[in-house]
Amino acid sequence: MRKYSENTKELEKAVCNFCGKELLVENGILKEGICSVDVTWGYFSKKDTMIHHFDLCEDCYDRFTAQFAVPAEVEEETEVGWTSL
């Protein structure tokens, strides 16, 4: 769960929805890993028309994904190098 300032729209607080841990936020910048989930449920769901938002700290994400019958797909992010003209 994230809380933003009404005036500046700056991030004030981030909390893991599962364990309740408050994540470190400094000057509106999140200083820890977080998994943000936004789910828009569709026609064939029991939650049709609902949108769910939640955040998990990295430890809860690891515990959650460790239970998957089919592991999450993981790939390395690479930086795109600058080219000179």
Side-chain angles (χ1 to χ4, degrees):
M1 173 189 79
R2 295 179 189 211
K3 181 181 178 190
Y4 294 89
S5 165
E6 288 186 30
N7 298 332
T8 64
K9 305 301 182 201
E10 185 174 273
L11 181 64
E12 290 183 337
K13 187 176 186 178
V15 176
C16 176
N17 284 82
F18 190 76
C19 72
K21 174 186 173 184
E22 188 169 334
L23 292 106
L24 179 61
V25 175
E26 290 180 352
N27 300 320
I29 299 170
L30 185 61
K31 300 280 189 154
E32 293 188 55
I34 193 168
C35 171
S36 295
V37 178
D38 300 300
V39 181
T40 302
W41 296 97
Y43 292 118
F44 302 104
S45 165
K46 295 175 188 170
K47 297 172 188 65
D48 185 21
T49 73
M50 293 183 188
I51 301 172
H52 291 186
H53 308 278
F54 64 90
D55 294 309
L56 298 175
C57 68
E58 195 167 353
D59 289 339
C60 287
Y61 171 84
D62 290 342
R63 282 194 289 274
F64 177 62
T65 58
Q67 298 176 58
F68 286 4
V70 178
E73 197 171 303
V74 178
E75 60 184 89
E76 291 290 323
E77 181 177 30
T78 58
E79 293 185 31
V80 177
W82 290 90
T83 59
S84 42
L85 299 174

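By the side chain to side chain donor-acceptor pair (under 3.5 Å) test, Ser5 pairs with Thr8, sequence neighbours left out. Taking Arg63 as the reference, nothing meets the salt bridge (Lys or Arg N to Asp or Glu O under 4.0 Å) condition, with sequence neighbours excluded. With sequence neighbours excluded, no residue forms a ring pair (Phe, Tyr, Trp, His ring centres under 6.0 Å) with Phe54.
Heavy-atom minimum distance, Asp55 versus Arg2: OD2-CG, 3.2 Å. Contact record, Phe64 with Leu56: CD2-CD1, 4.4 Å, taken as the closest heavy-atom pair. Across Cys16 and Cys19, no two heavy atoms sit closer than the pair SG-N, 3.5 Å.
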Donor-acceptor contacts under 3.5 Å from residues 21-28 side chains, at least two apart:
| from | atom 1 | to | atom 2 | distance (Å) |
| --- | --- | --- | --- | --- |
| Lys21 | NZ | Glu32 | OE1 | 3.0 |

I'd like a table of donor-acceptor pairs (distance under 3.5 Å, sequence neighbours excluded) in which one partner is a side-chain atom from residues 37-52, with atom names and distances.
| from | atom 1 | to | atom 2 | distance (Å) |
| --- | --- | --- | --- | --- |
| Asp38 | OD1 | His53 | ND1 | 2.5 |
| Ser45 | OG | Lys47 | N | 2.8 |

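The hydrophobic clustering, which links ILVMFWY residues whose side-chain heavy atoms are closer than 4.5 Å, places Ile29 and Tyr4 apart.
Other residues, nucleotides and ligands contribute at most 12 non-hydrogen atoms within 6.0 Å of the CD atom of Glu58.
Hydrophobic side-chain contacts under 4.5 Å tie Val15 into a cluster, directly or through other members, with Met1.
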